[in-house]
Amino acid sequence: MKIILAAGARPNFMKVAPILEALEARRRAGRPVEPRLVHTGQHYDRRMSEEFFADLGLPAPDRNLGVGSGSHAQQTARVMVAFEEVCLEERPDWVVVVGDVNSTLACALAAKKLGLRLAHVEAGLRSRDMSMPEEINRLCTDAIADLLFTTDRIASENLRREGVEEARIRLVGNTMIDSLYRHLPRARSLPLPEGLEAGRYAVLTLHRPGNVDDPPRLLGILAAVSDLARRLPVIFPAHPRTRAHLDRLGWRPQPQLDGRLRLTEPLSYLPFLGLVARARLVLTDSGGLQEETTVLGVPCLTLRETTERPITCQIGTNILVGSAPERIRAAAWSVLENGRRPAAVPEHWDGRAGERIAACLLEQASG
Ligand code: UD1
C-alpha cells in the first residue's frame, strides 16, 4: 500500500511528522506499507522549511516540487501540475493532505481528479469567514476527501451539519499536538533568547493578510503591542511576508522601549516551541498556535475576529480579541492582572493521533 503524504508550508510539517513516523514503524515491522513524503515547496526559506525538517526529525522529502511563491492561482496551479505528475508516476493507494494551505487544496484536487483515494487531516474546521483563503481551502478539500480526520467533536459536528456521511468522518485527535508532546522536553531545555526570563515575557506572531497587508491595521496592532512592551517584554519573530511589509513601512520598535519589543527572524520549531511554552502571554493571528497554547496552558490572545478552532476558546486558554488596539490593550491588561484561567485539553489530544490515522489507513487496505 503506497501512501503519499503531501506537505507544503510551515504549519504542515509538524502535522505530517507523526503520521509518517507511525507509517514507517509499521513498514519496519513488516506491514505492507510504503509511505512517501512530498514537499510542494510552497515554503522554501531555510527558516520556514529545512530547519523544521531538522527539528522534527523528518527525513528529506522523497520529492520536492519547488513551486515557491506566487498569486493564489499561480501557486495552486503550479502545485497541481507538479503533484499530478508525481501521482501518475507513483500511483499511490492513498494521498493524505493536512491543514488548510494552498498546497493542501492543490494536492487534493490533483489526486482526486486522477481517481485516487484522498484523506484530509484536520478536516471540519470552519471560521465561516470566506475572506480567509484557508476557509476556501478547507471547504473545498473536505468536499472531495474520502476520509475526513477531525481534531475535535466540533469539527466532526460541522461536517455532519454539511451533510457528510458518518462513514467518512473519523475523530482522531491532533497530530500537531502529537509533535508538541514529543518535542516539548527538548524545546524547554533550550536556553531562552538573551535577556528573557521564563514567565516574564510575551510572544507575538502576525502573518494573516487581513492583519499585515493593511498598513493602518498592522500599525494599530503594533501600537497596542508597544504599550504592552512597557509592562512586559515582547518578542516578535516575524514571518517573511510581515517583515516585507514592516520594511516597506519603515517600522522598527521604538528606541525608547529600549529593546523591550524585539523583532527577530522566524524561529524554527524547537526554539519557538521552547519560547511559547515559557511565555506569560501569546498574541497571534496563527491557527495552530491557538491549539498549542491551550495544551501548554499559556494564555493566548487571538488577533482575529473569527476562529476555526472554537474549542480552544470554550475549554482552553484562547481569547478571541480581534485587531482593534483598544481591545488588545484591555485583553492584555486583564490577563496580566487576573492571571491564568483554568483550562482543559480537548479529548483525543493525547499524542496518539498519528497512530490512529496510520491504523485507519491500513484498515482501509485490508477492509
Ligand atoms: C501560508 C498559508 C497560511 C499559513 C502560513 C503559515 C496559504 C493560503 N496560506 O501563508 O494559511 O498560516 O502559510 O506560515 O496557503 N515567503 C518567503 N519565504 C517562504 C515562504 C513565503 O519569503 O519560505 C514570502 C513570500 O513573499 C510569499 C509570502 O511570504 O509571497 C507569502 O507566502 P505564501 O506561501 O503565499 O503564504 P503565507 O503567508 O506564508
Side-chain angles (χ1 to χ4, degrees), residues 6-16 39-56 61 64-80 82-83 97-109 120-123 125-127 129-142 176 179 203-214 218 236-249 264-269 272-273 276 282 284-293 300 302-304 306-309:
R10 182 171 64 173
N12 288 164
F13 306 136
M14 57 291 246
K15 293 172 192 168
V16 290
H39 186 339
T40 67
Q42 175 173 344
H43 283 176
Y44 46 86
D45 279 2
R46 192 171 48 80
R47 288 209 157 89
M48 305 289 284
S49 176
E50 257 170 78
E51 290 188 358
F52 273 71
F53 272 66
D55 279 2
L56 290 159
N64 190 325
L65 311 181
V67 300
S69 303
S71 71
H72 284 271
Q74 287 166 343
Q75 194 175 53
T76 309
R78 275 193 229 125
V79 176
M80 282 185 72
F83 190 68
V97 297
V98 300
D100 56 14
V101 301
N102 284 345
S103 297
T104 311
L105 172 63
C107 293
L109 280 171
H120 182 207
V121 174
E122 202 184 86
L125 298 184
R126 298 289 181 265
S127 67
D129 174 359
M130 290 295 274
S131 70
M132 284 178 76
E134 293 82 4
E135 184 72 356
I136 301 169
N137 295 341
R138 288 188 279 261
L139 281 163
C140 297
T141 305
D142 286 346
M176 174 179 250
S179 285
V203 178
L204 170 69
T205 80
L206 288 175
H207 73 279
R208 293 272 155 218
N211 280 333
V212 304
D213 295 1
D214 174 359
L218 178 58
F236 177 19
H239 184 289
R241 157 188 216 120
T242 310
R243 172 68 79 146
H245 284 292
L246 294 175
D247 289 348
R248 218 166 293 133
L249 294 166
T264 74
E265 293 294 309
L267 297 176
S268 61
Y269 183 70
F272 187 70
L273 179 58
V276 168
V282 167
T284 189
D285 57 11
S286 146
L289 207 36
Q290 299 171 48
E291 299 178 336
E292 291 167 327
T293 47
C300 177
T302 294
L303 310 184
R304 291 167 41 188
T306 58
T307 178
E308 62 289 334
R309 292 163 162 94

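The figures here come from the full heavy-atom set of this structure, side chains too, leaving out hydrogens, waters and symmetry mates. Remember, it's 1-based here, ligands and their atoms both numbered in the order they're listed.
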If every non-hydrogen atom of Thr40 is compared with every non-hydrogen atom of Cys107, which pair is closest and at what distance?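 Heavy-atom minimum between the residues: CG2-SG, 3.8 Å.
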
At under 4.0 Å between heavy atoms, is it the side chain or the backbone of Ser103 that contacts ligand 1, or both, or neither?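 Near ligand 1, Ser103 shows nothing, with every heavy atom at 4.0 Å or more.
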
Under 4.0 Å, heavy-atom basis, I'd like to know which part of His43 is in contact with ligand 1: side chain, backbone, both or neither.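 Both backbone and side chain.
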
Return the [atom1] to [atom2] distance between [X] and [Y], rounded to the nearest 0.5 Å.
{"X": "Asp55", "Y": "Phe13", "atom1": "CG", "atom2": "CZ", "answer": "12.0 Å"}
{"X": "Arg304", "Y": "Arg208", "atom1": "CZ", "atom2": "CZ", "answer": "5.0 Å"}
{"X": "Asn211", "Y": "Thr205", "atom1": "CG", "atom2": "OG1", "answer": "10.0 Å"}

How far is [atom] from its nearest protein heavy atom, and which residue and atom is that?
{"atom": "atom 25 (C) of ligand 1", "answer": "Ser69 OG, 3.4 Å"}
{"atom": "atom 8 (C) of ligand 1", "answer": "Asn102 OD1, 3.2 Å"}
{"atom": "atom 4 (C) of ligand 1", "answer": "His207 NE2, 3.6 Å"}
{"atom": "atom 34 (O) of ligand 1", "answer": "Gln42 NE2, 3.0 Å"}
{"atom": "atom 2 (C) of ligand 1", "answer": "Val101 CG1, 3.6 Å"}
{"atom": "atom 37 (P) of ligand 1", "answer": "His239 NE2, 3.7 Å"}
{"atom": "atom 3 (C) of ligand 1", "answer": "Glu134 OE2, 3.2 Å"}
{"atom": "atom 38 (O) of ligand 1", "answer": "Arg241 NH1, 3.0 Å"}

Close approach of Arg47 to ligand 1, heavy atoms, under 4.0 angstrom: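 No; Arg47 lies far enough from ligand 1 that no heavy-atom distance drops under 4.0 Å.
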
Spell out, as yes or no, whether a donor-acceptor pair under 3.5 Å connects the side chain of [X] to the backbone of [Y].
{"X": "Thr104", "Y": "Val98", "answer": "yes"}
{"X": "Thr242", "Y": "Leu206", "answer": "yes"}
{"X": "Asp285", "Y": "Leu303", "answer": "no"}

Numbering as shown, the atoms of ligand 1 that approach [X] to under 4.0 Å (heavy-atom distance):
{"X": "Pro11", "result": "6 (C)"}
{"X": "Gln75", "result": "34 (O), 35 (O)"}
{"X": "Met48", "result": "23 (O)"}
{"X": "Arg10", "result": "14 (O)"}
{"X": "His72", "result": "8 (C)"}

Lys/Arg-Asp/Glu bridge criterion (N-O < 4.0 Å) met for Arg46, Glu265: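 Salt bridge: no.
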
In terms of the angle between their ring planes, are His239 and His43 parallel, tilted or perpendicular, with boundaries placed at 30° and 60°?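 Because their plane-to-plane angle is over 60°, the rings of His239 and His43 count as perpendicular.
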
Could you go through the salt bridge (Lys or Arg N to Asp or Glu O under 4.0 Å) check for Arg126 and Asp142 one step at a time? CA-CA 11 Å; Arg126 298 289 181 265; Asp142 286 346; 2.9 Å; yes

With side chains defined as the heavy atoms from C-beta onward, is the minimum distance between Leu56 and Ser179 less than 4.5 Å?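 Answer yes - side chains close enough.
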
Counting only nitrogen or oxygen atoms and a 3.5 angstrom limit, does Asn137 reach ligand 1?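 Among all N and O atoms of Asn137, none is under 3.5 Å from an N or O of ligand 1.
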
